Amino acid sequence: MIRGVRGATTVEKNEEEHILECTRHLLQKMIEANEIEAEMVASAFISSTSDLTAAFPAKAIRESEDWRCVPVMCVQELEVEGSLKRCIRIMIHLNTSKKQSDIVHVYLNEAKILRPDLPKVEN
């Protein structure tokens with residue numbers, strides 16, 4: 001079964017190392033919360049808002065040796081009036097036997113407002 005694991009975070013500044021650091025942190029929290037190994041991952045999509053121009057967040061995933069062969073796509077998030085700024089979102093497509101209700105979606109920093117209905121994972 002393939003399940004989607006969602007995650008999002010916000011960054012404080014549009015600087016390459018900060019963007020990559022925040023993306024790495026989000027990915028690590030998603031991995032820990034769902035016991036993900038790279039071999040389980042079919043693909044990952046990463047989006048960022050248009051105000052983040054200093055780096056491709058996907059670079060943070062590609063830097064990891066274990067994740068080097070995982071197909072990753074980086075796209076720009078839709079610009080919707082009033083939407084959250086400086087936001088990075090990740091969707092991992094995961095091969096797992098877990099039920100949908102057992103998947104833990106991770107929302108960090110200001111991105112917690114995107115899904116207030118979900119249990120929170122600590123930053």
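Given the structure is predicted, the values throughout are model-derived calculations rather than measurements.
- Closest non-hydrogen pair, S43 versus V70, comes out as CA-CG1, 4.3 Å.
- Looking only at side-chain heavy atoms (C-beta outward), H25 and Q28 stay at 4.5 Å or farther from each other.
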### Message
Assess the residue pair K85 and E110 against the criterion (salt bridge (charged side-chain N to carboxylate O under 4.0 Å, His left out)); give the C-alpha distance rounded to whole Å, side-chain angles, the decisive distance to 0.1 Å, and a yes or no.
### Response
CA-CA 9 Å; K85 302 295 183 199; E110 298 302 316; over 6 Å; no
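- The backbone N or O of A38 lies less than 3.5 Å from no partner atom in the side chain of D66, so there is not a single donor-acceptor pair.
- Hydrophobic cluster membership of M1, counting Ile, Leu, Val, Met, Phe, Trp and Tyr whose side-chain heavy atoms lie under 4.5 Å apart directly or via other members: none, as it forms a cluster of its own.
- Neither L27 nor L114 shares a network with the other; the hydrophobic side chains, linked directly or stepwise wherever heavy atoms of I, L, V, M, F, W or Y lie under 4.5 Å apart, form separate groups for each.
- In this structure, CG in N95 is found 12.0 Å from CD in E37, a value given to the nearest 0.5 Å.
- Remark: L26 CG to R89 CZ distance equals 11.5 Å, nearest 0.5 Å.
- No continuous path of ILVMFWY side-chain contacts below 4.5 Å connects M91 to F56, so the two sit in separate hydrophobic clusters.
- Note on F45 and M30: separate hydrophobic clusters, where clusters join Ile, Leu, Val, Met, Phe, Trp and Tyr whose side-chain heavy atoms are under 4.5 Å apart, directly or indirectly.
- You'll find the side chain of L52 reaches within 4.5 Å of the side chain of R86, heavy atoms only.
- Between the CD1 atom in I2 and the CD1 atom in I92 there is a gap of 13.0 Å [rounded to 0.5 Å].
- Scanning both residues, G4 and Q100, for their nearest heavy atoms gives O-NE2, 4.1 Å.
- Hydrophobic clustering (side-chain heavy atoms under 4.5 Å, transitive across Ile, Leu, Val, Met, Phe, Trp, Tyr) groups I31 together with I46.
- Considering OH of Y107 and CG of D117, their distance stands at 8.5 Å, rounded to 0.5 Å.
- Here the straight-line distance linking atom CD of E21 with atom CD of E16 works out to 12.5 Å at 0.5 Å rounding.
- When all heavy atoms of H18 and E12 are compared, the closest pair comes out as NE2-N, 3.0 Å.
- In this structure, I88 and V11 have side chains that are in contact, with non-hydrogen atoms separated by less than 4.5 Å.
- For R24 (side chain) and A60 (main-chain N/O), no donor-acceptor pair under 3.5 Å exists by modelled atom type.
- W67 is listed as a side-chain neighbour of V41, based on a closest heavy-atom distance under 4.5 Å.
- Atom NE2 of H93 sits about 12.5 Å away from atom CZ of R3, to the nearest 0.5 Å.
- Side chains of V72 and R62 form a contact here, defined as non-hydrogen atoms less than 4.5 Å apart.
- Taking the side chain as every heavy atom from C-beta outward, C87 and S48 never approach each other to under 4.5 Å.
- At most 12 heavy atoms of other shown residues, nucleotides or ligands fall within 6.0 angstrom of atom CD in E35.
- Side-chain atoms of S64 never come within 3.5 Å of backbone atoms of I61 as a donor-acceptor pair (strictly under, hydrogens ignored).
- H105 and L118 get closest at one heavy-atom pair: CB-CD1, 3.8 Å.
- Summarising the geometry of P71 relative to A42, their closest heavy-atom pair is CD-O, 3.4 Å, with the distance given to 0.1 Å.
- Here the closest heavy-atom approach between residue C22 and residue T9 is recorded as O-CG2, 4.0 Å.
- Side chains of T49 and E77: no donor on one and acceptor on the other come within 3.5 Å.
- The backbone N or O of I103 lies less than 3.5 Å from no partner atom in the side chain of N34, so there is not a single donor-acceptor pair.
- In this structure, N14 contributes its side chain and T53 its backbone to a donor-acceptor pair below 3.5 Å.
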